[in-house]
There are 2 protein chains.
Amino acid sequence: MTLFFTESDNVTSYGYAIDKVYEVGQSKFQSYKVFETLKFGKMLVLDDVVMLTEKDEFVYHEMLAHIPALLSKSLDNVLVIGGGDGGTVRELLKHPNCGQITLCEIDAKVIELSKKYFPQVAIGFENPKVNELVADGIEFVKNSADKTYDLVIVDSSDPIGPGVGLFTEAFYADCKRLIKSGGCLAAQTESPWFEGSVIQKIYQNISKNFSYTKPYLGTVPTYPMGSWTWTVASEENLSLPSDLKKKISSLGVLNYLNADIAKACFALPEFYKKKLV
Amino acid sequence: MTLFFTESDNVTSYGYAIDKVYEVGQSKFQSYKVFETLKFGKMLVLDDVVMLTEKDEFVYHEMLAHIPALLSKSLDNVLVIGGGDGGTVRELLKHPNCGQITLCEIDAKVIELSKKYFPQVAIGFENPKVNELVADGIEFVKNSADKTYDLVIVDSSDPIGPGVGLFTEAFYADCKRLIKSGGCLAAQTESPWFEGSVIQKIYQNISKNFSYTKPYLGTVPTYPMGSWTWTVASEENLSLPSDLKKKISSLGVLNYLNADIAKACFALPEFYKKKLV
């Protein structure tokens with residue numbers, strides 16, 4: 001007998017054969033499950049939605065961290081909202097010019113589970129540059145001083161449950177206020193295949209606040225429909241560095257990103273562009 | 001009660017809620033099912049693998065047809081092996097310079113089902129430029145004269161069942177023999193996330209025959225793991241036309257491809273590049 005964990009929205013379902021159930025429970029904010037899957041190694045599930053797996057988390061984290069880090073003029077002070085698994089922090093720390101990182105995760109349980117079951121993802125937490133806070137990201141940005149960070153990354157779950165406030169116009173406005181000149185915001189912005197109204201609303205909430213809003217794409221097999229978008233937003237029209245190849249090779253071994261992908265990811269298919277306007 | 005059709009390889013499963021079962025049966029070559037799904041409209045399933053759906057077939061067909069058609073120096077005479085649904089032919093016919101198309105599909109039932117349930121996909125069959133043959137593609141290319149076609153497109157199912165012979169070195173060698181100078185081969189080459197040995201073998205079988213072998217990527221939500229590759233192969237190092245934007249706009253309304261995507265699709269993620277070598 002093979003057990004499957006299935007993520008479903010009632011019209012589609014994505015199932016993963018599992019070998020072992022490590023832990024199932026309920027935190028103050030959401031339900032959690034940790035499985036050993038046959039295909040993707042260990043898997044973390046929050047509110048019955050796949051958050052990460054050992055085998056493909058590299059795509060999401062490399063794309064969310066490196067694209068804005070390559071665009072930002074400096075990385076002296078970085079803020080990550082959410083991202084309690086530590087994967088985004090791990091990638092940011094690969095940048096030789098990365099200074100302090102503040103990570104603000106609402107759910108201590110996510111950090112705890114990641115440290116216990118995904119040590120290669122949570123590895124960045126051991127670095128003294130990282131200041132790990134358990135707090136509500138919405139409140140944190142509200143109460144933070146203007147022009148504090150070179151880069152703000154919103155590494156949230158979906159716009160339902162605890163993540164919902166991390167997609168609003170007001171939240172992005174607060175993020176913008178914190179960003180220094182020459183810096184940027186980056187956020188995960190869901191599947192390009194999701195309903196147009198959801199995609200458009202997120203894009204509008206970001207673009208109302210920033211002069212330049214640029215979505216970009218990648219392939220994440222364990223997220224619904226297999227591809228994903230992130231968005232970088234800034235006041236200046238930031239460009240990838242002219243020594244892009246050299247910069248990327250200074251990051252060490254990457255499993256998804258390279259100089260070609262860093263440029264190509266901003267090419268948007270027609271069906272997705274139509275959803276944004 | 002909601003019924004689901006589920007495609008599964010025993011370690012992952014992809015389920016689609018269905019509203020209606022139109023037809024279920026067995027042809028001489030494979031089982032077939034036609035459903036109405038709640039998410040993707042009508043769906044054609046062959047040997048329990050999703051072949052196409054109304055809502056996302058445009059990605060696969062635009063990418064398989066237009067990229068090589070834009071690269072080929074002329075399109076006077078085109079051969080499509082497989083592709084019995086007609087989607088690739090429909091896209092090829094959008095090129096003002098497209099001449100004769102020969103489509104060689106092994107299974108008459110696929111053509112019949114497409115005409116019956118997917119008239120907007122099968123629409124190209126009505127065009128007098130299209131010569132529709134029901135025959136084994138392997139035998140057809142073996143018996144075809146040298147340098148007959150400007151473009152040969154292999155629009156096959158997976159390398160199991162009736163499609164297996166359409167991924168061999170010998171088959172690609174026959175395809176090459178048929179291609180005129182300045183022309184190319186294009187083939188669907190499976191998910192970049194499939195097992196490395198499968199991906200590498202297909203790539204090697206093509207590249208042993210051609211001087212230039214260039215895989216390219218796109219996102220197809222109803223194919224396993226949500227992204228897909230196609231490969232274009234040629235003796236000359238073909239380039240996209242310098243008036244790419246103009247050429248693409250002459251094709252009419254496309255839902256996936258644009259000039260940015262035509263260039264960006266050749267950027268390969270690191271994990272996939274590693275599988276090819």
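Keep in mind that this is a model prediction, so the values were computed, not measured. Below, all heavy atoms of this structure are taken into account, side chains as well, without hydrogens, waters or symmetry copies.
In this structure, the portion of Ser8(B) lying under 4.5 Å from any heavy atom of chain A is its side chain and not its backbone. Residue Tyr223(A) does not touch chain B at all, counting heavy-atom pairs closer than 4.5 Å. With a threshold of 4.5 angstrom between heavy atoms, Tyr272(B) does not approach chain A through any atom at all.
Residues of residues 10-24 of chain A that come within less than 4.5 angstrom of chain B, heavy atom to heavy atom, are Asn10(A), Val11(A), Thr12(A), Ser13(A), Tyr14(A), Gly15(A), Tyr16(A), Ala17(A) in numerical order. Heavy-atom neighbours of chain B within the stretch residues 251-271 of chain A, taken at a separation under 4.5 angstrom, comprise Val253(A), Leu254(A), Asn255(A), Tyr256(A), Leu257(A), Asn258(A), Asp260(A), Ile261(A), Ala264(A), Ala267(A), Leu268(A), Pro269(A), Glu270(A), Phe271(A).
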Give the C-alpha distance, both sets of side-chain angles, the deciding distance and a yes or no for side-chain contact (heavy atoms from CB on, under 4.5 Å) between Met225(B) and Met225(A).
CA-CA 7 Å; Met225(B) 293 179 276; Met225(A) 292 181 277; over 6 Å; no
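In this structure, Lys245(A) places its NZ atom where only 12 or fewer heavy-atom neighbours from other residues, nucleotides or ligands lie under 6.0 Å away. Heavy atoms from other residues, nucleotides or ligands lying under 6.0 Å from NZ of Lys201(A) number 12 at most.
Within the 4.5 Å cutoff, the side chain of Val59(A) has heavy atoms near those of the Trp193(B) side chain.
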